[in-house]
There are 2 protein chains.
Amino acid sequence: MKPTAKQVAHAAGVSIAAVSRAFTPGASINPEKKKKIFAVAEEIGYISPARRTAKAVAASTITLVAGDLHNPFYPLVLDTLARHLQESERQLLVYALPTDCNIDAVTDQVLAVRPSGIIVTSASLTSNMARACRQNQIKAVLLNRIQRDMRINAVSCDNYQGGRDIGRLLLERGYQRIGLIGGVANTSTHAERVRGFRDVLAEAGRTIHVQASGNYQYEIAKQAVVHLLSAIHPPDAIFCCNDIMALAVIDAAKERGLRIPKDLAVAGFDDIPMASWSSYQLTTIRQPVERMVQEAVSLIDDPNIKASDYGSTRMLSGTLVMRAST
Amino acid sequence: MKPTAKQVAHAAGVSIAAVSRAFTPGASINPEKKKKIFAVAEEIGYISPARRTAKAVAASTITLVAGDLHNPFYPLVLDTLARHLQESERQLLVYALPTDCNIDAVTDQVLAVRPSGIIVTSASLTSNMARACRQNQIKAVLLNRIQRDMRINAVSCDNYQGGRDIGRLLLERGYQRIGLIGGVANTSTHAERVRGFRDVLAEAGRTIHVQASGNYQYEIAKQAVVHLLSAIHPPDAIFCCNDIMALAVIDAAKERGLRIPKDLAVAGFDDIPMASWSSYQLTTIRQPVERMVQEAVSLIDDPNIKASDYGSTRMLSGTLVMRAST
DNA sequence: TGCCCGTTATGAAAAATTTTCAGGACGACA
DNA sequence: TGTCGTCCTGAAAATTTTTCATAACGGGCA
């Protein structure tokens, strides 16, 4: 038997009308009573008709919370995801967060729609939002991010291995003063890529010669690298934690008259379209965007995986793409 | 008095239950009867409760149909639009169309949601879709496109003037053999930019020295320009109808050992972020993205403008951004 | 052909839900 | 202290959805 408003009313000790009003936005009802009714409804499993239809509409929707759309990697993800969902006749809702803006600012908006799933590529998912998702039975997936502490599913490229691959390549090519331009400090992508890179250097008895942060942005990376290059012993190779920063490094190096890769080798991470442009010819790690998106969607679709599950992480390996910049 | 199912039933000569069923997806009802009921409901102005809530949900939604997300100009638009809508607590639904794919392929999906408005930046809005929008009282706005024949509102940069500005600049700088790389043939952006460019040359008693199509894409433009540059009298300046094609031209020129702008001047259109990167330093026309998005949204919001209106076009002027490539 | 059976379509009636209406409680204010 | 206005409430009315019994149709089969 489907739960009805009558049952809820009886259990909560209020009139049927009150139940109806509780579920009608803007209706005149005591907030406390409303809360009581919600609690009872939750317990019995009652959903008001209006909610039912709204739910049906939102069920075919997936929300993408994207961070920095100025990094061409994310439009790539967005594009892939959009096509993927179109095939299965689903809708894609997009939120673009300013880099400096916390995801909590849009939590309410995102949850108000009650999509069947949320894919987050933004810098970080706060525990606030993770909790809210669990409470609302909305599945959240981190894409290109991992936060182990938060019981949340994630899909990511194997950033550690990617960092290692780049590190090994630079060692094999015989570069002596290997530098690093890091991304956003508290992100898993940054941490893992750096860790892999550092590890492989350490195994060869080497260390990172110089290091700076580029915040994953072109402009900041460019300013940062100018300092590195004007040092007395400038690096002869630089690994950048993503591609746009690598492009910035190449631009800055060329401005100083350095030849790539003779005077300075540069490697990136992501393989955005510009990486293959002939002005750059950037050696980088290609992230398997297509497969990452597929996995993310399948994590949401898989009925065996519950919103309340402990987070599992699917890690896909990237591909080293060698071009002329190293 | 609000129209009720009873009235519809009476007017259509069916039972109240039939009316309810007509508005319930998947309910067992004769399609002809359903159509009849829809017609009567339309006339009386009856909306079923389920539709009412679904409508309320969708009312705060705007759909963006984007074409080529590989052109960084569109992520720029997307980003701006997303922020804009977040401020007014609205949702943004995104469809990404493959370049070769007709918009009709997603028409049904787009309209099924019944958003309050649709913004189309894709290559072209077919008359099919335009009609469907009018029928469904959904406001459509073309962004960065104009189609005068279709009674549809549009917001666009003044492409004609932009083309003129570039043309004048190249003339003033004294370039002798001025070439052109065009975009997608049947788009207004292409047509207008070329027209402005051609006009200003004609006024100076000059013609376009060589011309090719780059389809608004990096790869195609690059291939096209290789031919132009290996001619006996290669151009000494090229206007590209958008920035990525201009970047492709610069890359191709540099590969041939040409110096920019000494051996070849290049100008683009859009002012995407990469245009200002030091490898390119591209002279271009900056499109007022912020204002264009604002106008597009206001066209949708303005209650005085009906979905059935004759199309009005709001044209905003771009800014000539002079950099080192000319 | 005639019978059986399953599917689809239907209105009446029942059930469920929303909305209206007529207070009651409470505080502000004269 | 009385009056007014606002907010909240349940009963009842209005509205809509769902159930139920039945009719109509078509295909398979003796």
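Computed from a predicted structure; not experimentally measured. Just so it is clear: chains get the letters A, B, ... in the order the sequence lines come, proteins before strands, and each one is counted from 1.
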Euclidean distance, atom NZ of residue A:K6 to atom P of D:dG10 [Å, nearest integer]
16 Å

Could you tell me whether the side chain of B:K139 and the main chain of B:D302 form a donor-acceptor pair under 3.5 Å?
yes

How close or far is atom P of D:dT9 from atom CD of A:E32, stated in whole angstroms?
10 Å

Any heavy-atom pair between the side chains of A:V65 and A:I119 that's under 4.5 Å?
no

Please enumerate all residues that pass side-chain hydrogen bond (donor to acceptor under 3.5 Å, both in side chains) together with A:S156, with sequence neighbours excluded.
A:N159

Quick one: is D:dC8 close enough that its OP1 or OP2 comes under 4.0 Å of any side-chain N or O from A:S28?
yes

Could you list the protein-to-nucleotides 23-27 of chain D atom pairs, N/O on both sides, closer than 3.5 Å?
none

Just by modelled atom types, is the B:Q217 backbone N or O under 3.5 Å from a matching donor or acceptor in the B:N215 side chain?
no

Check whether B:S15 reaches the backbone of B:A18 with its side chain - one donor and one acceptor, N or O, closer than 3.5 Å.
yes

Quick one: B:I29 CD1 to C:dG11 C1', roughly how many Å, whole number?
12 Å

Which residue lies more 5' along DNA chain D, comparing A:A18 with B:V19 via nearest heavy atoms:
A:A18

Can you tabulate the close N/O pairs, meaning under 3.5 Å, that link protein atoms to atoms of nucleotides 19-22 of chain C?
| residue | atom | partner | partner atom | Å |
| --- | --- | --- | --- | --- |
| C:dT20 | O4 | A:R21 | NH1 | 3.3 |

Donor-acceptor check, side chain of A:Q86 to backbone of B:A96, threshold 3.5 angstrom: yes or no?
yes

Using a cut-off of 6.0 Å, state whether more than 12 heavy atoms not belonging to A:H84 lie near its atom NE2.
yes

Can you check whether A:H70's main-chain N or O pairs, donor with acceptor, with A:D68's side chain at less than 3.5 Å?
yes

Side chain of B:P49 (C-beta onward), nearest among D:dT16, D:dG10, C:dG11:
D:dT16

Which residues, if any, of residues 40-48 of chain B bring a heavy atom under 4.0 Å of DNA chain D?
B:Y46

Test item: A:L316 and A:C157 side chains (from C-beta on) under 4.5 Å apart, heavy atoms
no

Separation of D:dA14 P from B:Q7 CD (nearest whole Å)
13 Å

Those residues that, when tested against B:D301, pass salt bridge (Lys or Arg N to Asp or Glu O under 4.0 Å) (two or more places apart):
B:R90

From CG of B:N30 over to P of C:dA9, roughly how many Å is that when rounded to an integer?
6 Å

d(CD1, A:I37; P, C:dT17) in whole Å:
13 Å

A:K36 NZ - D:dT9 P separation (whole Å)
12 Å

May I ask you to evaluate whether B:K33 reaches the phosphate of C:dG11, defined as a side-chain N or O under 4.0 Å from OP1 or OP2?
yes

What I want to check is whether the side chains of A:N153 and A:S312 have a donor and an acceptor closer together than 3.5 Å.
yes

Who passes ring pair (Phe, Tyr, Trp, His ring centres under 6.0 Å) against A:Y46, sequence neighbours left out?
A:F23

Please give, in whole Å, the distance from D:dT18 C1' to B:F23 CZ?
17 Å

